[in-house]
Amino acid sequence: KMLERYELLTMKEAADLIRYSYSWLVLHCGDADFPRRYHVFDNRTKYLKKDDFLEYCELHDIELIRKPW
C-alpha cells in the first residue's frame with residue numbers, strides 16, 4: 001500500500017511539532033532508535049512515518065507543542 005501524505009512528515013514538519021529545533025532533530029536522526037526516513041513522493045525529500053515519530057517522542061519524553069493532525 002502506498003503511504004498517504006497525511007501519514008508522513010518531513011523533517012521540518014516533525015521539528016515544528018516539538019519543542020526542539022530542526023537542527024536538534026537533524027543531529028538525532030542518526031540515533032539507533034530514530035524512525036526510518038523514506039523517499040516516497042520524489043527522490044529528494046525524506047519523510048518519516050508520523051506514527052513512528054510520535055512513538056519516538058513518547059519514548060524520549062519529547063514534548064509536543066503542536067498537534068500532529
Side-chain angles (χ1 to χ4, degrees):
K1 166 192 172 229
M2 176 76 169
L3 288 169
E4 299 292 327
R5 177 64 186 100
Y6 67 86
E7 298 176 61
L8 302 168
L9 297 168
T10 63
M11 290 285 284
K12 171 82 172 85
E13 290 168 339
D16 288 345
L17 295 177
I18 61 175
R19 188 157 300 285
Y20 301 108
S21 68
Y22 176 81
S23 47
W24 180 91
L25 195 62
V26 169
L27 276 175
H28 287 272
C29 72
D31 293 352
D33 62 344
F34 193 83
R36 182 167 171 228
R37 295 181 299 154
Y38 303 86
H39 290 292
V40 182
F41 303 109
D42 58 42
N43 286 327
R44 294 174 299 171
T45 308
K46 285 188 176 178
Y47 295 86
L48 304 163
K49 288 183 182 174
K50 189 184 296 184
D51 291 344
D52 291 352
F53 182 69
L54 295 176
E55 187 177 309
Y56 174 81
C57 290
E58 188 176 327
L59 186 65
H60 292 279
D61 294 325
I62 298 170
E63 181 184 353
L64 296 178
I65 58 171
R66 205 167 281 149
K67 291 191 189 243
W69 48 86

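All figures in this text were calculated on a predicted structure; none of them were measured in a lab.
- The only member of Leu9, Leu17, Leu8 that meets side chain to side chain contact (heavy atoms under 4.5 Å, CB included) when paired with Lys50 is Leu9.
- When all heavy atoms of His28 and Tyr56 are compared, the closest pair comes out as CB-OH, 3.9 Å.
- Among residues two or more places apart in sequence or in another chain, the side chain to side chain donor-acceptor pair (under 3.5 Å) test is passed with Asp51 by none.
- Using a 4.5 Å heavy-atom threshold, the side chains of Tyr38 and Lys49 count as touching.
- For Tyr22, the ring-ring contact (aromatic ring centres under 6.0 Å, His included) test picks out no residue, with sequence neighbours left out.
- Legend: residues meeting side chain to side chain donor-acceptor pair (under 3.5 Å) with His60, ordered by chain and number and at least two apart, are Asp33.
- No continuous path of ILVMFWY side-chain contacts below 4.5 Å connects Leu27 to Ile62, so the two sit in separate hydrophobic clusters.
- Note that CD of Glu13 is 7.5 Å distant from OH of Tyr47, once rounded to the nearest 0.5 Å.
- Between Leu48 and Met11 there is a side-chain heavy-atom pair separated by less than 4.5 Å.
- Closest non-hydrogen pair, Ile65 versus Ile18, comes out as CD1-O, 3.3 Å.
- Side-chain contact between Phe53 and Leu25: present, with at least one pair of heavy atoms (C-beta onward) separated by less than 4.5 Å.
- Shown here for Asp52 and Pro35, the closest heavy-atom pair between the two residues is O-CG, 3.6 Å.
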